[in-house]
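Below: one structure, written as structure tokens.
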Amino acid sequence: MKILGIETSCDETAVCLIEAGGDFGPAFQYTVLGNALTSQAALHAQYGGVFPNLAKREHAKNLVPLLRTVLSAENTKTAEKVPLLSPPVADRIALLLQREPELLERIVPFLEGCKRPDIDAIAVTAGPGLEPALWVGINFAKALSDAWDIPLVAVNHMEGHIVMSMIRENSLSDVKFPVLALLISGGHTELVLSRKFQQYELLGQTRDDAAGEAFDKVARLLDLPYPGGPEISRLAGEAREKKIQADFTFTRPMMNEENFDFSFSGLKTAVRRVVEQRQMTDELKLQIAREFEDTVADALIYKTMRAVEETGAQTLVVGGGVSANEHIRGRLAQVLQEAGEPAQLLIPPPSLATDNALMIALAGYFRAEAKEFILPPDLKAEGNQKLA
Ligand code: KG4
Ligand code: ZN
């Protein structure tokens with residue numbers, strides 16, 4: 001089965017085409033036929049975070065060129081004459097994309113110059129994420145589905161991160177259930193238990209800021225560019241290398257509470273207090289970055305380990321942009337090993353930990369395999385879509 005994945009939930013515009021086969025398990029295999037991604041991070045940097053309407057417009061501009069790249073090997077080589085869009089289809093697409101003029105003006109010439117590709121399903125992120133951004137991807141998927149008569153699959157972005165973590169090379173790791181998933185991204189910080197593939201129970205989540213959001217907000221306090229995660233991580237690494245340690249400590253949040261919840265807004269306030277009380281120097285930045293990263297790592301690891309022990313999870317999956325963090329990855333592996341936990345740790349390589357369309361195509365494949373197609377009128381952006 002060939003699946004086209006489309007991701008526009010935040011500030012990455014991404015399109016990916018895979019060919020996949022086999023059920024969830026050892027028989028599963030896939031190949032990437034085309035993969036393209038544009039990050040808008042540099043554009044949003046001036047706002048210190050993602051600016052939804054700018055994200056929407058950029059997605060609308062980027063999607064067609066990305067799809068063209070993804071399909072280039074497949075289709076655009078053809079010298080065959082391609083029929084123009086029939087008037088009813090052209091009218092429906094114009095209506096569908098009336099609020100995305102940048103997309104409409106690119107998609108019509110594209111569809112008129114491109115043969116229908118050999119694709120069995122179009123998988124698109126329906127949520128969670130920024131609704132204006134999600135809608136662009138969804139309307140793009142609907143337009144392609146209409147023009148090419150290809151069924152649609154709605155994908156939950158967090159399920160995409162989970163499935164991505166379970167991939168090893170071009171097949172699946174040997175995933176043993178129950179699976180505990182620690183999902184740490186710019187919008188989410190959750191512990192989710194999965195006793196069966198595609199079934200989820202929410203064990204705990206952040207009461208305020210997400211882990212990635214804390215990295216981004218603290219970066220802003222330190223005058224570092226967006227996204228803050230990689231910047232802080234780089235400074236924290238430098239501090240460890242130079243053996244620079246803070247002469248202050250931040251309270252590890254939520255450690256005394258018997259639940260699986262997190263909280264990072266108090267930590268951000270603690271950082272602000274240090275920034276306001278002291279003269280900023282390069283060395284103080286290094287100290288703050290290291291102590292902050294250590295605090296986030298401790299908070300995440302403490303609750304995750306408790307959840308592993310209490311649920312008897314056989315597999316710990318870590319997904320979302322913050323799972324690209326080298327320190328958190330290393331500490332988790334070390335703590336699991338030291339605790340003698342049999343749970344195997346699955347984390348995607350850093351390049352696939354942040355948002356991409358491969359994860360949407362993969363999660364979409366398993367939903368398509370289960371015949372979970374969605375009719376266009378039912379496909380809507382759900383900014384707060386839950387896994388459970
Ligand atoms: O999953 P993702 O790409 O987008 C969302 O779905 O939110 O996650 C983006 C978040 C940002 O907050 C970014 O600062 C954070 O992941 N991030 C990191 C690292 N790389 C990205 N946080 C800590 N360390 C990193 N190396
Ligand atoms: Zn994400």
Side-chain angles (χ1 to χ4, degrees), residues 45 48-49 182 184-186 189 191 206-257 260-308 316 318 320-341 345 347 349-350 353-354:
L182 171 66
I184 39 181
S185 69
T189 300
L191 276 168
T206 183
R207 302 256 175 100
D208 39 60
D209 294 349
E213 190 180 357
F215 272 94
D216 296 335
K217 287 180 173 171
V218 165
R220 219 180 317 169
L221 290 172
L222 300 183
D223 265 334
L224 300 168
Y226 171 86
E231 293 291 321
I232 294 199
S233 166
R234 184 174 56 75
L235 293 186
E238 192 181 327
R240 284 183 202 102
E241 214 168 276
K242 294 183 173 163
K243 308 222 180 316
I244 291 175
Q245 186 124 32
D247 55 9
F248 48 86
T249 53
F250 297 133
T251 306
R252 274 47 182 164
M254 307 286 283
M255 304 270 259
N256 298 322
E257 294 193 28
F260 298 115
D261 287 347
F262 303 95
S263 162
F264 293 105
S265 93
L267 174 58
K268 170 194 66 191
T269 309
V271 172
R272 180 179 297 124
R273 223 171 286 134
V274 173
V275 170
E276 283 169 359
Q277 286 168 358
R278 302 199 182 196
Q279 178 73 31
M280 186 49 71
T281 60
D282 286 348
E283 169 144 354
L284 182 60
K285 271 193 195 177
L286 295 182
Q287 291 183 7
I288 293 174
R290 177 177 182 179
E291 177 63 11
F292 168 78
E293 192 177 64
D294 282 344
T295 307
V296 174
D298 284 348
L300 292 174
I301 289 169
Y302 178 76
K303 291 285 167 93
T304 303
M305 289 304 293
R306 261 199 43 212
V308 168
L316 172 61
V318 188
V322 182
S323 68
N325 184 283
E326 290 295 344
H327 182 67
I328 294 171
R329 297 164 76 92
R331 284 279 315 280
L332 259 173
Q334 185 194 2
V335 170
L336 263 182
Q337 199 195 13
E338 282 170 6
E341 270 300 334
L345 177 63
I347 313 186
T354 48

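In this chain, residues are counted from 1 in sequence order.
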Would Arg306 count as a cation-pi partner of Phe260, with NZ or CZ less than 6.0 Å from the six-membered ring centre and within 45° of the ring normal?
yes
[atom1]-[atom2] distance between [X] and [Y], expressed to the nearest 0.5 angstrom:
X: Leu221; Y: Asp216; atom1: CG; atom2: CG; result: 11.5 Å
X: Glu293; Y: His327; atom1: CD; atom2: NE2; result: 5.5 Å
X: Leu316; Y: Leu332; atom1: CG; atom2: CG; result: 6.0 Å
X: Thr206; Y: Glu213; atom1: OG1; atom2: CD; result: 8.0 Å
X: Glu231; Y: Leu222; atom1: CD; atom2: CG; result: 10.5 Å
X: Glu241; Y: Arg290; atom1: CD; atom2: CZ; result: 11.0 Å

Taking atom CG of Asp282 as the centre, report whether more than 12 heavy atoms of other residues, nucleotides or ligands fall under 6.0 Å from it.
no
Identify the two heavy atoms, one from [X] and one from [Y], that lie closest to each other, and give their separation to 0.1 Å.
X: Glu291; Y: Thr249; answer: OE2-CA, 3.2 Å
X: Glu326; Y: Pro350; answer: OE2-CG, 3.7 Å
X: Ile232; Y: Ala289; answer: O-CB, 3.8 Å
X: Arg329; Y: Ile347; answer: NH1-CG2, 3.2 Å
X: Ala299; Y: Met255; answer: CA-SD, 4.2 Å
X: Ala307; Y: Leu191; answer: CB-CD1, 4.1 Å

Specify whether Phe264 and Phe262 have parallel, tilted or perpendicular ring planes, treating 30° as the upper limit for parallel and 60° as the lower limit for perpendicular.
parallel
Quick one: are [X] and [Y] in side-chain contact, heavy atoms under 4.5 Å?
X: Leu336; Y: Met305; answer: yes
X: Asn325; Y: Arg331; answer: no
X: Leu284; Y: Phe248; answer: yes
X: Leu235; Y: Ile288; answer: no

Under 3.5 Å, side chain of [X] to main-chain N/O of [Y], donor-acceptor pair present?
X: Thr189; Y: Ala211; answer: yes
X: Arg278; Y: Glu276; answer: no
X: Lys285; Y: Met280; answer: no

How about Ser265 and Asp209: does a side-chain donor come under 3.5 Å of a side-chain acceptor?
no
Donor-acceptor side-chain pairing of Glu338 and Gln334 below 3.5 angstrom:
yes
Check the pair Met254, Tyr302 against side-chain contact (heavy atoms from CB on, under 4.5 Å), reporting the backbone distance first and the verdict last.
CA-CA 10 Å; Met254 307 286 283; Tyr302 178 76; over 6 Å; no
Apply the test side-chain contact (heavy atoms from CB on, under 4.5 Å) to residues Leu345 and Gln337: give CA-CA distance (whole Å), side-chain angles for both, the deciding distance (0.1 Å), then the verdict.
CA-CA 10 Å; Leu345 177 63; Gln337 199 195 13; over 6 Å; no
For a side-chain contact (heavy atoms from CB on, under 4.5 Å) check, start with the C-alpha distance between Ile244 and Glu283, then their side-chain angles and the critical distance, and finish with the verdict.
CA-CA 8 Å; Ile244 291 175; Glu283 169 144 354; 3.9 Å; yes
